[in-house]
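In what follows, a structure is listed as structure tokens, so that the remarks can point back to it.
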Amino acid sequence: MSSPTVGDHVVSRLGQWGARRFYGYPGDGIGGVISAVGRAVEAGEAEFVQVRHEETAGFAATADVKFGGSPLGVAAVTSGPGAVHLLNGLYDAKLDHVPVVALVGQTATAALGTSYYQELDLVRLYGDVAGEFVFQVTKPEQVQHAIDRAARTALERRTVTAVILPSDVQDLDAVLEVPDAHGFTHTSAVPGSLPGIPRREALEQAAELLRSGKKVAILAGAGALGATAELTAVADALGAGVAKALLGKAVLDDTLDWVTGSIGLLGTRPSYDLMRQCDVLLMVGTTMPYTEYYPAPGQARAVQIDVDGTRCGLRYPTEVNLVGDAKLTLQALLPMLAGAEPDPGWRRDIARWNTAWREWGEERAAAKADPVNPELVVRGLSSRLEDDHQIAVDCGTATSWFARDLDLRPTMQASLSGTLLSMGGGLPYAIAAKQAHPDRPVLALIGDGAMQMNGVNELITVAQRWRSWSDPRFVVVVLTNRQLSFVAWEARAMQGEVPFDAAMDVPDVPYAGWAGLLGLGGRRLEDPAQIDDVLDEAFAAGRPYVLDAVVDPNVPMIPPHVSLDQLLGTAKSQLKGDPAAREIVVEGVRETIGAAARALGKHLPGT
Ligand SMILES: Cc1ncc(C[n+]2csc(CCOP(=O)(O)OP(=O)(O)O)c2C)c(N)n1
Ligand SMILES: [Mg+2]
């Protein structure tokens with residue numbers, strides 16, 4: 001074998017960090033690295049997942065880590081346009097605190113600075129997204145420390161780092177042994193120890209505060225995933241109710257009567273009440289940004305657990321901040337909580353709110369719609385999910401129905417672009433979930449706008465790869481409402497505006513037909529009477545399946561606390577002659593206002 005190149009060194013050193021799956025797209029700017037990945041694939045030491053667009057490589061590298069596949073995500077893309085395309089996917093990782101290393105090609109060193117074709121100032125361009133560490137390699141001796149530092153920084157800071165590689169440098173002979181001489185650095189590819197337990201005094205202070213609560217609320221986020229048993233034990237010891245941020249939705253079973261489900265604008269009314277009526281708040285692994293869904297400032301005494309101390313006290317004025325691993329910290333707290341005396345009526349109230357919310361959910365889903373009610377479709381998915389299902393969700397009304405209508409359990413995994421809230425992540429996430437665990441079934445829930453943004457393209461990747469998955473079950477549910485419905489609702493509710501058709505309407509595309517052309521299964525659902533039939537067919541299919549559900553864009557997304565302002569905004573837009581007004585009024589008076597009022601009635605304290 002010829003001597004290893006810089007590209008080979010990059011790949012093998014990342015392998016030492018456990019990063020062996022490369023999502024990407026080739027180009028001459030990254031040619032030397034791609035060839036090296038090819039050699040590693042041949043040797044059984046790496047995997048290359050070709051996607052259809054560099055942005056989706058970024059989403060998939062992020063999701064691979066979120067679904068527990070790779071410890072560290074890697075995206076490899078070419079210079080110029082490839083580098084620009086990748087950015088959005090990398091921002092998804094950065095905002096959701098996922099470690100990802102970007103390998104980005106660059107113009108050859110001799111041409112750098114000449115306004116060469118595809119030449120961009122990548123150190124500057126990546127200076128924000130990879131602000132913790134972005135480095136342009138110009139000599140083979142730098143590879144070891146560049147990769148070690150990129151990997152370590154990404155892992156320790158849970159962020160994005162970038163290594164930029166001019167094309168000629170990638171093909172130079174590797175320097176695997178850095179000289180033992182002045183000016184050379186020798187680095188380690190051994191990860192740091194994992195985060196641990198906070199100091200005992202801080203734990204005792206937190207325990208004392210938590211024990212003082214009569215009505216304790218817990219807010220659990222992505223950082224709590226994997227700590228189901230500990231979270232349950234602490235919640236039981238405190239008689240607490242638990243609400244979940246979107247990225248932490250799988251941590252506790254949605255059907256437990258002390259779990260109020262999702263929180264925030266897309267969340268549940270019981271989560272809102274839980275926060276607004278508690279006297280003590282425990283936040284675990286979350287910085288859920290919608291501050292109006294926390295207790296009012298001054299209402300509750302609060303403790304926060306987070307691996308990153310810089311995120312403590314960011315959303316609520318906490319009194320004790322425990323910096324440590326969620327599972328270990330909860331474990332350490334548990335014995336200190338003995339003697340807590342929660343109000344016995346608190347969990348009863350929570351259970352009652354949950355019952356009322358569930359009844360309302362059933363009413364909403366059963367409401368007549370044209371042609372199919374999206375909530376009915378999503379509710380139909382719940383009963384069909386397997387214990388080991390992996391669920392990927394896109395940004396749109398799908399996010400709302402996922403938050404409210406899909407019942408998850410801790411054996412499942414679910415994720416989305418949670419903080420960047422980018423459209424177009426759903427299918428790349430679903431593909432990454434399969435690459436992470438090819439033996440587990442996958443469900444993707446995607447709006448038609450998002451499907452048109454990245455989904456129709458990435459379905460090609462599904463067609464390209466599915467035969468390599470040991471379990472081929474991969475159901476894509478497209479919510480075809482021929483509209484960017486989420487933003488149409490935002491325009492109505494937040495601005496009191498009439499949605500502007502030319503901006504909001506999206507073309508009708510036969511997604512199931514497209515799946516058929518690609519050799520995948522699929523069917524369009526237009527008749528609500530066929531929901532069960534089509535769902536059964538989709539979940540039993542022995543190959544990926546696109547369920548193209550034609551749903552009503554006018555089924556209202558009602559915020560959990562139905563603010564009067566928002567209802568008035570909706571009414572104002574209708575008065576201005578919203579073309580959907582007639583349907584919204586027909587459905588809306590009965591559903592939006594009628595059902596909201598019924599639910600509110602059931603929730604009023606003391607009723
Ligand atoms: C990349 C990107 N562009 C625009 C938005 C703003 N946005 C949020 S939801 C949404 C509509 C999504 O439409 P669709 O996928 O059809 O789902 P629907 O809401 O209709 O169910 C838009 C445009 C975004 N979040 N991300
Ligand atoms: Mg839509």
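First listed ligand is number 1; within each ligand, the first listed atom is number 1. Quick note: numbers below take in every heavy atom, side chains included, and nothing from hydrogens, waters or symmetry partners. It should be emphasised that the depicted structure is a prediction, and the values quoted were computed from it without experimental measurement.
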Worksheet item: Checking Glu458 side chain against Arg52 main chain: does a donor-acceptor pair fall under 3.5 Å?
Response: yes

Practice prompt. Kindly say whether Leu252 contributes a backbone atom to a donor-acceptor pair with the side chain of Arg409 at under 3.5 angstrom?
Written response: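 No, the answer is negative, given that no donor and acceptor are paired below the 3.5 Å cut-off.
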
Response to the item:
A student checking ligand 1 against Ser485 at a 4.0 Å heavy-atom cut-off should list atoms 18 (P), 19 (O), 20 (O)

Worksheet item: Taking only heavy atoms of Asn481, which atoms of ligand 1 are found under 4.0 Å from at least one of them?
Response: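 The list of qualifying atoms is 18 (P), 20 (O), 21 (O).
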
Would you say [X] has any N or O atom under 3.5 Å from an N or O of ligand 1, going by distance alone?
X      : answer
Ser422 : no
Phe486 : yes
Ala398 : no

What protein heavy atom sits nearest [atom], and how far away is it?
atom                    : value
atom 17 (O) of ligand 1 : Gly447 CA, 3.6 Å
atom 11 (C) of ligand 1 : Leu484 CB, 3.8 Å
atom 14 (P) of ligand 1 : Gly449 N, 3.5 Å
atom 15 (O) of ligand 1 : Ala450 N, 2.8 Å
atom 21 (O) of ligand 1 : Thr397 OG1, 2.5 Å
atom 8 (C) of ligand 1  : Cys395 SG, 3.9 Å

Report the member of [options] with the shortest heavy-atom distance to [atom].
atom                    : options                        : answer
atom 16 (O) of ligand 1 : Ile446, Asp448, Leu420         : Asp448
atom 25 (N) of ligand 1 : Val487, Leu421, Leu479, Val555 : Leu421
atom 26 (N) of ligand 1 : Met423, Met451, Met504         : Met423

Worksheet item: Under 3.5 Å, is there a donor-acceptor pair between the Tyr511 and Gln452 side chains?
Response: yes

Practice prompt. Decide, counting backbone as well as side-chain atoms, whether Gln483 has an N, O or S atom less than 2.8 Å from the Mg ion (ligand 2).
Written response: yes

Worksheet item: Checking only N/O/S atoms, does Thr480 have one that is under 2.8 Å from the Mg ion (ligand 2)?
Response: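 No - counting backbone and side chain alike, Thr480 has no N, O or S atom under 2.8 Å.
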
Worksheet item: Can you check whether Trp469 and Trp466 have ring centres sitting under 6.0 Å from each other?
Response: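 Ring centroids of Trp469 and Trp466 are no less than 6.0 Å from each other.
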
Worksheet item: Is the distance between the ring centroids of Phe539 and His389 under 6.0 Å?
Response: yes

Worksheet item: Between Val65 and Pro99, is any pair of side-chain heavy atoms under 4.5 Å apart?
Response: yes

Worksheet entry | Parallel, tilted or perpendicular, as decided by the 30° and 60° cut-offs, for the rings of Tyr293 and Tyr272 |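 Judged by the thresholds at 30° and 60°, the geometry between Tyr272 and Tyr293 is perpendicular.
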
Discussion item. Can you tell me how the ring of Tyr429 sits relative to the ring of Phe67, calling it parallel under 30°, perpendicular over 60° and tilted otherwise?
Written reply: perpendicular

Practice prompt. Over all heavy atoms of both residues, which pair between Ala75 and Leu86 is shortest? Give the atoms and the distance, please.
Written response: CB-CD1, 3.8 Å

Discussion item. Quick check: closest heavy atoms across Met275 and Leu219, and the distance to 0.1 Å?
Written reply: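 Reported closest heavy-atom pair: CE-CB, 3.9 Å.
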
Worksheet entry | Asp448: its N/O/S atom lying closest to the Mg ion (ligand 2) (atom name) | OD1

Worksheet item: Think Lys249 forms a cation-pi with Phe402, using NZ or CZ under 6.0 Å from the six-ring centre and within 45 degrees of its axis?
Response: yes

